[in-house]
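Down below is the structure, laid out as C-alpha cells.
Numbers restart at 1 for each chain; the letters A, B, ... are given by sequence-line order, proteins then strands. Everything quoted here is computed from the prediction, not taken from an experiment.
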There are 2 protein chains.
Amino acid sequence: MVVLELSDHDVNRIFRALADATRRDIVRRTLVADVSVSQLADSYEMTFAAVQKHVAVLEDARLVTKEPRGRERMVRGNPERIRQAQLLLDQFEAIWRSRIGRLDDLLAADATTHPET
Amino acid sequence: MVVLELSDHDVNRIFRALADATRRDIVRRTLVADVSVSQLADSYEMTFAAVQKHVAVLEDARLVTKEPRGRERMVRGNPERIRQAQLLLDQFEAIWRSRIGRLDDLLAADATTHPET
DNA sequence: GTATCGTACAACCAAATGGTTGTACTAGAA
DNA sequence: TTCTAGTACAACCATTTGGTTGTACGATAC
C-alpha cells in the first residue's frame with residue numbers, strides 16, 4: 001500500500017480549497033461530468049474571472065484538472081485527491097480511537113488491580 | 001440515522017480550520033489528551049496570543065472545546081466534528097461513485113444494443 | 001497580603017483571499 | 001476574412017487571516 005505522502009503545504013491547499021461553498025459545488029459538478037469553465041461561470045452569481053479563480057484554486061490543490069477541448073477548457077474532478085483528504089481525516093479518527101483504546105486498557109488494568117470497585 | 005445538517009458556513013469553518021498545520025497539530029494533540037492553552041503555546045514558535053487565536057478558530061469550528069480547570073483552560077478535541085467532516089468527504093466520493101455506476105450502466109446498455117463491438 | 005501564572009482581548013500590521021474591471025489572445029462560426 | 005465565444009491574466013480593491021505587542025484580570029503560589 002502506498003502511504004499518503006503529502007506536505008503540510010499540500011494539505012493546507014486541499015482543505016483551504018474545500019473551505020468555500022462555490023468551490024465545493026464545482027468539485028461536485030465536475031465529479032459528475034466534465035464541465036467547461038464558462039458553463040460553470042453561468043451557474044454562479046459572480047463574474048467569469050471570479051469563477052476562473054476558484055477553478056485555479058481547485059487546480060492548485062489538484063482537486064480538479066483542466067483539459068483543453070476545442071476553445072473550451074473542460075474541468076474534471078479528481079476523485080483520487082478526495083480520497084487522500086478522506087485518508088487525512090481517517091488519521092485523526094485513528095488517533096482518537098487509539099486514545100479510547102488506551103483508556104479502556106487503563107480501566108481494565110484498574111478493574112484487575114481493584115476488583116472490589 | 002441522523003442526517004448531517006451543517007450550513008455552508010459551518011462547513012467553510014471546519015475546512016478552513018483544518019487548512020493550517022499548527023491547527024491540525026493542535027487537533028491531534030487534543031484528541032490524544034486534554035492540553036492547556038499555555039502547554040500548547042510552549043510547543044510552537046509563536047506567541048501565546050497567536051496560539052490562542054488558533055484555538056479560537058478551532059473552537060469556532062467546534063473542532064475543539066475549552067473547559068476551565070483552575071486558572072487554566074483545557075482544550076479537548078471533538079471527535080464528533082471530525083466524523084462530520086469525514087461524512088462530508090464521503091458525500092463527494094458517493095457522487096463520484098454514482099457517476100461510475102451510471103457509466104457502467106451506459107456501457108452495459110451499449111453492449112446490449114451493439115453486442116458486435 | 002503580594003507576586004506570578006494562565007488567560008482574554010484590543011490594536012496594529014503585512015500578506016492572502018475573493019471579488020471586480022479591463023485588455024488581449026485563440027479557436028470556431030458566419 | 002470578420003465576428004464572437006471561451007479563456008487568460010493583470011491591476012485594483014475591501015475584507016480576512018495570521019501574526020505581533022501591550023494591557024488587564026482572575027486564580028494560585030509564596
Criterion salt bridge (charged side-chain N to carboxylate O under 4.0 Å, His left out) on Asp8(A) and Arg24(B), from CA distance to verdict: CA-CA 10 Å; Asp8(A) 275 351; Arg24(B) 285 193 300 275; 3.8 Å; yes
Protein-nucleotide distance (Met74(B), atom CE; dA27(D), atom C1'), rounded to Å: 15 Å
For Gln52(A) and dG22(C), give me the distance from atom CD to atom C1', rounded to whole Å. 13 Å
Would you classify Arg23(B) as touching base, sugar-phosphate or nothing, given that sugar-phosphate means primed atoms plus P, OP1 and OP2, and contacts are heavy atoms under 4.0 Å? sugar-phosphate
Quick one: Arg73(B) CZ to dC25(D) C1', roughly how many Å, whole number? 11 Å
Expected output: side-chain Arg81(B) to main-chain Ala61(B) donor-acceptor under 3.5 Å: yes
Report the distance from atom NE2 of His9(A) to atom C1' of dA16(C), rounded to the nearest whole Å. 11 Å
Would you mind telling me which residue lines up with the more 5' stretch of DNA chain D, Ser36(A) or Thr22(B), judged by nearest nucleotide? Ser36(A)
Applying the side-chain hydrogen bond (donor to acceptor under 3.5 Å, both in side chains) test to Asp34(B), which of Arg29(B), Gln39(B), Lys66(B), Arg76(B) qualifies? Arg76(B)
Quick check against the 3.5 Å criterion: does Asp60(A) have a side-chain atom that pairs as donor or acceptor with the backbone of Val57(A)? no
Tell me the interatomic distance from Phe15(B), atom CZ, to dT17(C), atom P, rounded to whole angstroms. 17 Å
Counting only side-chain N and O atoms of Lys53(A), is one of them less than 4.0 Å from OP1 or OP2 of dT20(C)? no
Quickly work out the Glu67(B) CD to dT7(C) C1' distance and round it to whole Å. 16 Å
Between Asp60(B) (CG) and dG18(D) (P), how many Å, whole number? 12 Å
For Asp20(B) and dG18(D), give me the distance from atom CG to atom C1', rounded to whole Å. 8 Å
First of Val51(A) and Arg16(A) reached from the 5' end of DNA chain C, by closest nucleotide: Arg16(A)
Between Glu67(B) and Arg73(B), is the closest basic N to carboxylate O distance under 4.0 Å? no
Flag the pair Met74(A) / Val35(A) as yes when at least one side-chain heavy-atom distance between them is below 4.5 Å, and no otherwise. no
Euclidean distance, Met46(A) CE relative to Leu40(A) CG, rounded to 0.5 Å: 10.5 Å
Among residues 38-50 of chain B, which contact DNA chain C at a heavy-atom distance under 4.0 Å? Ser38(B), Phe48(B), Ala49(B)
